[in-house]
Amino acid sequence: MVNAKPPKYVRRALVTLQSRGYPVYLVGGCVRDMLLGVRPQDWDICTAALPEQIMELFPGARPTGLRHGTVTVTVENHPVEVTTFRAESSYADHRHPDMVQFVGDLTADLSRRDFTMNAIAISPDGLIADPFGGMEDIRRQVIRCVGEPEQRFEEDALRMFRALRFSARLGFTVELFTVEGIRAKAPLAAFLAAERVRDEVEKLLLTPSPETVYDLVELGLMESYLAPGLPDPALLRRLSRLPRKAQIRWVGLCQVLRRSGCIQSSEHFLSSLRLDHRTIRMAADCERLLDSEFPRDDLGRKRWLKRCGVDTVRCALACYDAFTGAHESRELRRILKSGECFSLRHLAVSGDDLLALGLRGRALGEMLDFLLDYVMEYPDNNRRELLLLLAAGAEE
Ligand code: ATP
Ligand code: MG
């Protein structure tokens with residue numbers, strides 16, 4: 001059933017620890033992915049060796065989360081995270097364990113993990129430890145908490161987001177008690193730092209099922225960020241038509257939330273989730289464009305380009321296409337390919353040319369703008385002599 005083999009550098013790390021007599025396993029996401037036949041993104045190792053013992057064995061190893069017993073070792077130039085078996089106790093802030101205890105056995109380590117599918121370990125000899133029935137849940141495509149859901153969400157509220165994110169990514173169903181646990185403990189999401197919520201929502205938006213945002217809202221996980229009400233599921237489903245890029249999917253999400261009455265402004269929503277300034281600006285610009293009169297012809301499209309630049313128009317039109325089924329992005333590509341002018345950068349005359357004609361200050365700016373509007377309307381006339389004549393004529 002294990003459908004992928006760890007790369008050589010990972011096997012070397014495992015053998016290094018094993019040959020010193022330390023129990024050692026691959027664990028977590030990489031095991032889940034191997035069982036699913038998907039190439040793991042990263043490889044996590046857990047072991048009974050203590051952090052100092054791990055560091056002794058791997059020259060150049062760095063403690064990356066020593067409080068949590070994590071050491072990053074480098075093998076054949078690849079970083080691998082090696083974590084000492086640990087148990088966690090009492091989470092006063094619903095985010096961080098108050099105390100981490102190193103423990104000697106694997107089962108205790110697996111029991112602190114979030115979902116059964118993430119709580120499976122494989123030894124270097126291929127022996128599988130699966131004390132919580134994770135393999136069966138993977139087979140049945142179910143996401144289930146290890147232990148009692150409400151308690152696990154009390155410990156760490158982020159797990160509620162992770163459950164939905166994994167369900168969107170893998171197409172798995174969240175098991176009933178786990179869903180009800182989320183509903184019961186959703187108010188604890190208010191304790192999470194906005195940055196962590198942002199990262200989870202972003203990962204979810206980039207899965208093949210971004211419409212799972214509906215469940216986030218419906219279960220109450222987004223209450224700190226949204227007005228009461230539910231986003232339109234039909235519009236959410238359209239998000240998967242957008243290119244798989246974070247920025248554009250955030251802009252698309254803002255559009256859906258606005259149309260559904262869940263937010264008033266993209267800017268306010270994205271700022272509250274601590275998005276970067278570029279994304280906030282892009283979303284605000286797209287919002288303005290999509291609220292304004294939609295271009296009916298190339299001149300209109302070029303006016304948008306002049307106003308907001310290529311990136312923003314590309315993003316706004318991608319959203320428009322996704323929501324309406326139109327093919328405006330295609331029209332945009334055609335215009336860009338044609339080389340037609342819509343910015344001063346591509347105008348056949350420059351400010352210096354107009355200075356030479358004796359224009360100054362505001363009059364110069366207005367003339368450039370006039371000429372740009374003119375060539376946008378008559379693209380074939382973006383020729384230097386002609387524009388200079390026009391400018392000189394208008395001056396007289
Ligand atoms: P991905 O492919 O997205 O990286 P992953 O399962 O590897 O998925 P990570 O966030 O890299 O997820 O975490 C690695 C492992 O650590 C998980 O598989 C899980 O066993 C454990 N884990 C991570 N976050 C939590 C958490 N909040 N609560 C409990 N266990 C967690
Ligand atoms: Mg991982």
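FYI, side chains are in, hydrogens and waters are out, and symmetry mates aren't considered; it's all heavy atoms of this structure. Whatever order the structure lists them in is the order used to number ligands and atoms, beginning at 1.
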Considering the heavy atoms of [X], write down every atom of ligand 1 situated less than 4.0 Å from one of them.
X	value
Arg112	29 (C), 30 (N)
Asp44	14 (C)
Gln41	2 (O)
Gly29	5 (P), 6 (O), 7 (O), 18 (O)
Arg159	26 (C), 27 (N), 28 (N), 29 (C)

Residues [X], [Y]: salt bridge by 4.0 Å N-O rule:
X	Y	value
Asp373	Arg303	no
Asp137	Arg144	yes
Asp298	Arg334	yes
Asp114	Arg162	yes
Arg196	Asp199	no
Arg183	Glu180	yes
Arg301	Glu328	yes

Going by heavy atoms in the side chains, are Glu155 and Gln151 under 4.5 Å from each other? yes
Heavy-atom check, side chain of Val27 versus side chain of Ile120, under 4.5 Å: no
Look at ligand 1 and say whether [X] reaches it with a heavy atom at a distance under 4.0 Å.
X	result
Arg165	yes
Leu158	no
Arg32	yes

Checking a contact table here: which protein heavy atom is nearest atom 13 (O) of ligand 1, and how many Å away? Arg162 NH2, 3.8 Å
Protein residue, atom and distance nearest to atom 27 (N) of ligand 1, heavy-atom basis: Asp156 OD2, 2.8 Å
Supply the atom-to-atom distance Glu150 CD to Leu188 CG, rounded to the nearest 0.5 angstrom. 9.5 Å
Rounded to the nearest 0.5 Å, what separation is found between the CZ atom of Arg288 and the CG atom of Asp285? 5.0 Å
Pairing donors with acceptors under 3.5 angstrom, does anything connect the side chains of Thr70 and Glu81? no
[X] and ligand 1 - part of the residue with a heavy-atom distance under 4.0 Å:
X	result
Phe166	side chain
Asn118	both
Arg113	both

Between Cys46 and Leu106, does the side chain to side chain contact (heavy atoms under 4.5 Å, CB included) criterion hold? Intermediate values first, please. CA-CA 8 Å; Cys46 66; Leu106 173 67; 3.8 Å; yes
Which residues and atoms, protein N, O or S only, are under 2.8 Å from the Mg ion (ligand 2)? Asp42 OD1
Measure the acute angle between the ring planes of His78 and Tyr9, then classify it against the limits of 30° and 60° as parallel, tilted or perpendicular. parallel
Purely on distance, is any nitrogen or oxygen of Asp33 under 3.5 Å from one on ligand 1? no
Would Arg169 count as a polar contact of ligand 1, with the cut-off being nitrogen or oxygen pairs under 3.5 Å? yes
Taking the minimum heavy-atom distance to atom 29 (C) of ligand 1, which of Thr116, Asp114, Ile120 ranks first? Asp114
